[in-house]
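Note sheet for the following structure.
This chain uses plain numbering: 1 for the first residue, then up along the sequence.
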Amino acid sequence: MSNNNTKTRKKRCVVVMYDTLCRHFMPTYGNEWIKAPNFARLAKKSVQFQNYYVGSMPCMPARREMHTGRHNFLHRVWGPLEPFDDSMPQMLSSRGVHSHKVTDHHHYWEDGGATYHQRYSTFDLVRGQEGDKWIGDVEKLRDPKYKGNEWPEHEGMAFRRQDGINREHMTKSELQPQHKTFSLGMEFIERNINADRWYLQIETFDPHEPFFTQAEFQELYPHEYSGPTFDWPPYREVREDDQTVEHIRYMYAALITFCDQQLGRVLDMFDKYNMWEDTMLIVNTDHGFLMGEHDWWAKVVTPFFQEIAHIPFWCYDPRLPNDCNGQTRESLATTIDLCPTVLEFFDIPITKDMQGHTLKDRMLYDKPVREGSIYGVHGGQVNVTDGTYVYMRAFTTADNTPLYDYTLMPTHMRSLFSPKELQEWDKDDGFSFTKGCKIMKIPTRTPGFFLKGNNPISLGKMATLLFNIKEDPGQTNPLDDPQLESYMIKLMLREMARNDAPIEQYKRLGLPVPTKIREGNGDDVIQMPSDASILKSCILQTERGKASAAHGGNGFPKMPFAKIVWEGEPASDTGVGFPDNLRLRPGYVFSQTKGEPTSKL
């Protein structure tokens, strides 16, 4: 059945973006207890992708992919758009499509994200999420005891106190940043409902931690919990008991329901004005999160298990037949595909540096466009999936070198590169995508804690693992088949070469080097190493590979509570305050020393 929208005059696009929207908490991806009727409603009106994966991690690297249509994690850490980057919203504006963003994602106005929002024609910024430097309350911010009886151990740090101050000004859901952000999005639609050729990005930081909601949402998920106030998981292995893990999952679920409520406002607007006739709708996220799975909290310090890397994605295209809606697609897709999809919708060609593909044919025919897809974080494992298997390749050198940042914008998340970091940089000729610019090549040093092999973060980052995610979706049974490992290495090498990966990335990973013999993005421009050299690089059956399989990348051993470190704040050596009702794992003996773990749970 054909849609009657092929002759429509208008073309508009709405992107609703969440941060940390976990696939396994979505009702149409198998979760049977979450209260999210509007996500189910969305799935009936759109195409749902079953094999959609992250690319560059985490927050801002993913957003750079949305602008540029190419991976960036092999070339630099978290940072702003570079002067040589293509930007999809800016391309829209330059070709007569008004691009507008409304967001409460506070990383946009930190050092490492400050060049993104200016690429839009217009934008609105909403303050107050996750310790955003918003409300100035001097005495509370200086008081180390403010929020002192809460958990986890980071609560005494300044950005946690700032978050508590901000929350005092959010006494109902309408005053929370997410609600304000969606309200601004609704105002834009109402104001421009008769206008043609616009792009609206409604982007909320939720359901990113902290999992803060009002009682009306928390009451939907009654559960037993007798521990301290806790809605902000730390970035480490789980040391808390099962009741506390369950509590965090319910706090996250409450925030999902808040997100669902706001999504409903967008769907209501589409219904009210029958925007289904002419307006594309995309709902996406940047990554997931671990809430006790694999005995981990959070992301990035962990391997990128499926709960983090395998993400939900929905797309509605008014040009497609109505019978596409409510369907699922199995073809691989990834964050770099969003940019070409939006540009193609507005009849704007992609640039030669963009490596994503429009989703249109996959929505129509479920026609694959790639055999494998890579993802990761700078300096971490490089991961590749073909939709059936996932291969996580860790560094093989002693100190994770050689490793460099390539940039003209030397910033971290919340700070500039330090003078010490910039004392040894070299001028580099750049890459195929840097448009002739000479760039900075800055040595990257991996923290020693990540290299010791005596703690869960180090053991996780040093682990090379292979899983069959169809038969083993929980990733509990690592494989060691050398032929299968060789196949996955070939996929990885091809995608790394396509991305013009720095040659040292292959060295630190212990991989043979492919060669890109001419310009282009096809397989035919890549000369692969010999099968023998690829087989020789396999490590799953080596002693290190066997040790990784035995550990599984899980959150063990359990470490003592010691120095607290967080980017942008001085390290705390003052010790941890333990609430009287703190609930740790049975048998966990905790310590504030700097010695070896006191428990091998």
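In terms of modelled atom types and a separation under 3.5 Å, the side chain of Asn499 and the main chain of Ala501 share no donor-acceptor contact. Put simply, the side chain of Ser93 never gets that close to the backbone of Tyr120: no donor and acceptor are under 3.5 Å apart. Using modelled atom types, no side-chain atom of Thr115 and backbone atom of Pro80 make a donor-acceptor pair closer than 3.5 Å. A donor-acceptor contact shorter than 3.5 Å links the side chain of Asp260 to the backbone of Asn38. The main-chain N or O of Tyr389 is found under 3.5 Å from a side-chain atom of Thr385 such that the two form a donor-acceptor pair.
Under 3.5 Å, the side chains of Tyr391 and Asp386 contain no donor-acceptor pair of N or O atoms. A side-chain N or O of Glu130 and one of His106 form a donor-acceptor pair less than 3.5 Å apart.
For the pair Lys299 and Phe304, the cation-pi criterion (under 6.0 Å, within 45° of the ring axis) is not fulfilled. Under the 6.0 Å distance and 45° angle rule, Lys101 counts as a cation-pi partner of Tyr108. Taking the centre and axis of the six-membered ring of Phe346, the NZ or CZ atom of Lys11 falls outside the cone set by 45° and 6.0 Å. With Phe212 as the aromatic partner, Arg167 meets the cation-pi criteria of under 6.0 angstrom to the ring centre and within 45 degrees of the ring axis.
Of the charged side-chain nitrogens involved, none lies within less than 4.0 Å of a carboxylate oxygen, so that Arg127 and Asp104 do not count as a salt-bridged pair.
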### Residues His107, Arg63; criterion side chain to side chain donor-acceptor pair (under 3.5 Å); working and verdict
CA-CA 11 Å; His107 291 313; Arg63 283 153 181 80; over 6 Å; no
### Query
Please walk me through it: do Asp337 and Arg370 pass salt bridge (charged side-chain N to carboxylate O under 4.0 Å, His left out)?
CA-CA 11 Å; Asp337 293 332; Arg370 58 172 61 87; 2.8 Å; yes
### Task
Would you please test Arg12 and Asp278 for salt bridge (charged side-chain N to carboxylate O under 4.0 Å, His left out) and show each step?
CA-CA 7 Å; Arg12 294 90 63 92; Asp278 53 34; 3.1 Å; yes
